[in-house]
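Everything below concerns the one structure shown next.
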Amino acid sequence: MIRVYFVGTGGGAPSPYRSLPSYLIRREGFYALFDCGEGTQRNLMEYRLGIMSIKLIGITHMHGDHVLGLPGLIQTMGLLDRKEPLYIMGPKAIKDFIERTSELTGFRAPFEIRFIDSYEDENIRIYKFPTCHTIESYGYIFEEKERKGLDVEKLRRDGINDWQILRELKAGKEVRFNGKTLKPEDYIIVKPAIRVAYTGDTSYCEKVIDSVKGVNLLLHDSTFLDEKDAREWGHSNAIDAATVAKQAEVKRLALIHISSRYRDTSQFVRLASRIFDKVFVPEDLSYYILDREP
Ligand SMILES: [Zn+2]
Ligand SMILES: [Zn+2]
C-alpha cells in the first residue's frame, strides 16, 4: 500500500490556503519526499510525519518555491541527531546548493548525504524523467514493484497443501502431484506494480506523456485554470494536465501547483473533467491511498 501526502499543493508563492510544493510518498517504513518548498518541515510536523523517517528527497528543479525549504529540513535532521544517510536526487545544481548553504550558514550535517540518480531496493523503484520547464527540470516516478504470489484459493480447491510442492511452484518449477504435472503459471498470480508520477513544473509535454503512461496516480502541474500563455511560463493549465492524463491513459489525475491567485478550485475540476473525468484538486494536508488490485 502506498500513501501520497499532499504536503503543499500551491506554487510560486504561498497563500493562506496552499503551501509551497512538497509531496511525501510512503510505503510501509519508507518515506520519500518530493520537492521541499519553504514551510515543508512545519507541515510535516503538523501531519505528524516523522521527518527522521525520510530516506530520500527528490528535487524537481532549482526554482525557489521547490527547494528553499531543503537546507532548513536538513539542518533540523542534524539537530535531531540523525545518523542514517539521506539520499538526494535532483538536477545537477542540487549538490552545490546544499554544500554552499551548509558552508555559508556554518552548519555541518552529522550524517552522510548521498547524491544518486535513481533508487532501487527489493520493493521500490524511484527514477526521474525530463519535463518541459524554463530550466533543467525532472519529474519522478515512485513505483512499488510487481509481486508474485501463490493463488491460495486455487491450491486449496485442488487439494494441494504440501509445503515442498508450494515451494517448487513458487520457484517457478513444474511438480508431479497425484500423477499430474502441475505448472507454476497455473498457480502463480502477479500483483501488478503501483506507480505514482509527479511532474513538478511543466508545460504540456510529449516527454511527460511518454514517461507517465498508465500510472495509477499522476500529480500534474496545473498552475493556471485556462490561461493560454501557461506554456510561455513553462507551466500547464487544467486543460493541458487533463489532456496529458487522457493521452497517457493514467488511472487518476491530481491537479497541483495551483497559483496563489485562485482560492476556489471548483472550476479546475469542471474544466479538466470535460477531457478526463477522474480528476481532483487535493487540499494541503490531505492524502490519497493506493493499493494493489486483487
Ligand atoms: Zn514552481
Ligand atoms: Zn519552476
Side-chain angles (χ1 to χ4, degrees), residues 4-25 32-44 57-73 88-98 101 128-142 196-208 211-212 218-242 244-245 253-263 265 268 272 281-285:
V4 179
Y5 293 87
F6 302 100
V7 181
T9 58
S15 75
Y17 324 108
R18 291 182 194 274
S19 304
L20 293 175
S22 187
Y23 302 91
L24 186 127
I25 304 184
L33 185 73
F34 296 96
D35 281 338
C36 190
E38 186 194 335
T40 296
Q41 52 173 331
R42 191 66 217 289
N43 282 347
L44 290 170
I57 300 176
I59 297 293
T60 56
H61 65 299
M62 293 307 296
H63 281 157
D65 53 330
H66 296 253
V67 83
L68 287 177
L70 186 56
L73 178 64
I88 296 206
M89 296 172 68
K92 277 187 230 61
I94 194 67
K95 184 168 187 281
D96 233 22
F97 174 71
I98 290 170
T101 48
K128 299 188 285 191
F129 60 88
T131 71
C132 301
H133 195 39
T134 52
I135 57 170
E136 182 190 6
S137 180
Y138 302 97
Y140 285 87
I141 305 271
F142 183 106
V196 179
Y198 166 51
T199 64
D201 291 1
T202 187
S203 55
Y204 173 86
C205 184
E206 299 284 344
K207 285 181 273 186
V208 171
S211 305
V212 306
L218 169 65
L219 279 59
H220 196 289
D221 180 324
S222 177
T223 306
F224 303 111
L225 177 61
D226 58 357
E227 288 83 337
K228 304 277 181 292
D229 57 357
R231 197 174 294 207
E232 284 164 41
W233 298 97
H235 287 294
S236 299
N237 60 34
I239 297 163
D240 296 327
V244 170
L253 169 66
L255 302 176
I256 45 125
H257 201 269
I258 308 289
S259 162
S260 57
R261 73 170 77 156
Y262 306 100
R263 183 172 179 182
T265 51
F268 280 70
V281 180
E283 298 297 323
D284 278 15
L285 302 180

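Whatever order the structure lists them in is the order used to number ligands and atoms, beginning at 1.
- Taking the six-membered ring for Trp and the full ring otherwise, the centers of His257 and His220 sit at least 6.0 Å from each other.
- Backbone or side-chain N, O or S atoms of His63 reach the Zn ion (ligand 2) at under 2.8 Å.
- The distance between the ring centers of Tyr17 and Tyr262 does not fall below 6.0 angstrom.
- For Asp221, every N, O or S atom stays at 2.8 Å or more from the Zn ion (ligand 1).
- Summarising the geometry of Gly90 relative to Lys128, their closest heavy-atom pair is O-NZ, 3.1 Å, with the distance given to 0.1 Å.
- Judged by distance alone, the side chain of Asp240 and the main-chain N or O of Tyr204 form no donor-acceptor pair under 3.5 Å.
- For His257, the nearest N, O or S atom to the Zn ion (ligand 1) falls under 2.8 Å.
- No other N/O/S atom of Asp65 lies as close to the Zn ion (ligand 1) as OD2 does.
- Among heteroatoms of the N, O or S kind in Asp201, OD2 lies nearest the Zn ion (ligand 2).
- Looking at heavy atoms from C-beta onward, His66 lies out of side-chain contact with Glu38 at the 4.5 angstrom threshold.
- Because the distance cut-off is set at 2.8 Å, His61 qualifies as a neighbour of the Zn ion (ligand 2) through one of its N, O or S atoms.
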